Amino acid sequence: MKECIGMLLAGGEGKRLGALTNDIAKPAVPFGGKYRIIDFTLSNCANSSVHTVGVLTQYSPLELHKHIGNGKPWDMDRHNGGVTVLSPYTAKSGGDWYSGTADAIYQNIHFISQYNPKYILVISGDHIYQMDYQKLLDQHKETKADATISVIEVPWAEASRFGILNTTDSLRIFEFEEKPQLPQSNLASMGIYIFTWEVLKAYLLKDAKKKASSHDFGKDIIPAMLCDNRKLYAYRFDGYWKDVGTVQSYWEANMDLLKEECQLQLDNKQWRVYTNNFNYPSQFISGTVKINNSLINDGCFIYGGSTIEESVISTNVEIEKNCYIQQSIIHTGVKIGKNCILERVIIMENTVIPEGTIIRTDKMEEPIVINQKVLEAKLVVRGGEN
Amino acid sequence: MDRLMGLINLEHEHHIFNELTYFRNNASIPFAGRYRLIDFPLSNMVHTGIEEIAVFVRNKYRSLLDHLGTGDNWDLDRRNGGLFILPPDWNDPSDQSKGDLRFFHNNRDYFNRSNCKYVLVSGSQFITNTDYTDAFKFHLDRNADITLISTNIENLQHEHKPYFRIEADDIGWVQNITNDKRNHLLFTGVYIINKDILMELVDQCIAFHKNHFFMNGIKDNLHQLKIQTYRHTGYSAFINTIESFYRHNMNLLCEDNYRELFYKPSFIQTKFSNNPPVQYLKSANVKNSILANGCVIDGEVDNSILFRGVHVEEGATIKNSIIMQRCSIGTGVYLENVILDKDVRVKNGQKIIGTTEKPFVVAKRQVI
């Protein structure tokens, strides 16, 4: 028996990420020069001693499955528990795709039952944050809640973009509003839930029978629980948390890593972010290169006369002489020819940028996402709109 | 199919790296930003398709054990075969063996259990990136008992002095093994030997109270054995002194050397770490250097090699130096021709200058 097991929702398509999710699921999108988005959630599990995690995948899962592998980078290659990838399946009674977040858990009740957990942590693989789930669990146990939802204070002006929880002073939730026009609170749901498993199971079984339901935690399960006057509490999280749902927010979250005062700490020895490793040799800087406020990963070759400012450069990237790169995100295996100028752009994996290319995104626009196809068609597509 | 098993024999390697080998043996000396010397023989064996590798190690092996772990970073965590670290532990009261023969004698099982008929033996001081498959084919084609891997060195240096030279006839049969310093054909310390012959020579050495397998078993029996030599070509280095350690690190700052040692034909594998990408802050200035992940740079780095997790503060200058893991370099520090071992802290404003022939070495965990 496990006290608490994690169910990580990683099937999302991430439509608003445009070309970034053409071939891969959103949780597998590269982030921070070395990681993939899901690494933050998986590392949170590892650091919070949640060592049994089911990862629910659906959309374009190849890269994601390969990345998770047997869970070794997160110390989840275990005989008892560890990481299990749960894809949609068929069975005697038929079978179907996961039609919503709650449906995904419903279809894997048999997986959860194996461990007979008391609590279940439901998280998603598309947020960037560092959080100790044990603290959330502690509060859940203290308040003897049926469900505890992690919340973060957002600026009032932006509150109408989030799922807002209205609570009493003791943080008991009495109302949940999805993107309210006139928010009464600025506590936004982070999509992180702890449920008492017996309670959730009953609601999942009930919800599955409802034809009209969208089988979603936010839209169906939580409202149904509130309706029955169940004990739902909010858990306040203060720290860095970002939903990288759009190209703009993906770019911003990467840029946040470059700020010295950023709350998200990649080199925090007490809270490491784990990922797969490819054993590239260390980066080689040839000649004089001006590099400021940037992250550069293993395996890169950067040649003299170039200037790199406020950029995130992934594994095995080559940047030839006299390039100017500013506020850009360069993914693995990209080759950039001489005298290129890149400003506020995102270059996807293995793209070869020919000598003298100039690509700039206007300050007010969403950063341009470039891949080989876009480049070859000599057409620039604005991220999120194709 | 004939197969090879591997043996990395560290027994007769001298620890002559002063400060660098106070707490570790040669094989675990850090190299080129993120490696240790043993990564080279180990990776080369793995690239040759060898699936069981033993390491003979007698002392100062804590850091080596930590580095090798289960061997998973080299794909050697296997149900069948894999990595066998064989530290000295023997209780046989009738044991008469000496030197590295004690390792052979007490670990006979390792050799007997395997169905490989050939053994590739290596030390840790010959650094190259290669695959010994061709050498093995050559060994089988020539029907040799032993094949010594040799390499021709154009410019002999001080570091080459202790290594054996090989005299062979036109078709590669070894005629003599000498220390003749006019001979440019050096023995790399790597050889392929038929397992049966290995075990036979071990018994013979023990019976005659010998203490050095290569010297007494192979060199002394030169004319009774069929010994070939196979010439290794490509970038390589012998590392056996602080001076050669420093120079060969610095040579990697020439891109061709770096690419040849690390990118061909496969990567040299090493222990994974979990460091974030190198973070360059607002005053960073970097010229011709190798930087490993986890570094945070706000100062000037010129012609240097920085290992994982080195912090360089604003106003610090590092020139022609090797800075090992997790060192921190304070504001206004000036370092030139310096080797800092792991975890050294250099306080604000310090100035340390060595020479290229005699780099200034600071031992592990010092605060200056």
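Source: prediction; values computed, not measured. In the text below, chain A, chain B and the rest are named by the order of the sequence lines, each starting its count at 1.
Counting heavy-atom pairs closer than 4.5 Å to chain A, the top-ranked of the candidates B/Asp72, B/Ile290, B/Val286, B/Leu253 is B/Val286. Considering only heavy-atom pairs separated by less than 4.5 Å from chain A, the leading option among B/Gln279, B/Gln269, B/Arg34 is B/Arg34. In terms of non-hydrogen atom pairs under 4.5 Å with chain B, the most contact-rich of A/Leu266, A/Asn293, A/Thr288 is A/Asn293. Heavy-atom pairs under 4.5 Å with chain B were tallied for A/Cys300, A/Gly287, A/Gly299, A/Ser286; the largest tally goes to A/Gly287. In terms of heavy-atom pairs under 4.5 angstrom with chain B, the leader among A/Asn292, A/Asn297, A/Asn279, A/Ile308 is A/Asn279. The choice from B/Val296, B/Leu281, B/Leu306, B/Thr270 that makes the most heavy-atom pairs within less than 4.5 Å of chain A is B/Leu281.
Closest of all the heavy-atom pairs between A/Thr332 and A/Ser314 is N-CB, 3.3 Å. Between A/Gln326 and A/Ser311 the shortest heavy-atom distance is C-OG, 3.6 Å.
Note: A/Phe301 and B/Tyr263 have tilted aromatic rings, judged against thresholds of 30 and 60 degrees for the angle between ring planes.
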* Asked: Going through the checks in order, is the side chain to side chain contact (heavy atoms under 4.5 Å, CB included) test met by B/Ile268 and B/Phe40?
  -> CA-CA 6 Å; B/Ile268 297 297; B/Phe40 293 88; 3.8 Å; yes
* CA sep, side-chain torsions, deciding dist, call: A/Val273, A/Gln130, side chain to side chain contact (heavy atoms under 4.5 Å, CB included) -> CA-CA 9 Å; A/Val273 186; A/Gln130 292 175 316; 3.5 Å; yes
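Proximity to chain A (any heavy atom under 4.5 Å) is restricted, for B/Leu252, to the backbone atoms N, CA, C and O. With a threshold of 4.5 angstrom between heavy atoms, A/Glu260 approaches chain B through side-chain atoms but not through N, CA, C or O. With a 4.5 Å cut-off on non-hydrogen atoms, B/Arg259 touches chain A through its side chain but not through its backbone. Looking at B/Phe307, there are no atoms closer than 4.5 Å to chain A (heavy atoms on both sides), in backbone or side chain. For A/Ile302, no part lies under 4.5 angstrom from a heavy atom of chain B. The part of A/Tyr303 that comes within reach of chain B is its side chain, from C-beta onward, which places non-hydrogen atoms under 4.5 angstrom from that chain. Heavy-atom distances place both the backbone and the side chain of B/Phe262 under 4.5 Å from chain A.
Side-chain polar atoms of B/His248 and B/Asn257 form no donor-acceptor pair below 3.5 angstrom.
Taking the six-membered ring where the residue is Trp, the centroids of A/Phe284 and B/Tyr258 are separated by under 6.0 Å. Here A/Phe31 and A/Phe40 bring their ring centres to under 6.0 angstrom of each other.
Crowding of B/Phe267 atom CZ: a count of heavy atoms from other residues, nucleotides or ligands under 6.0 Å exceeding 12.
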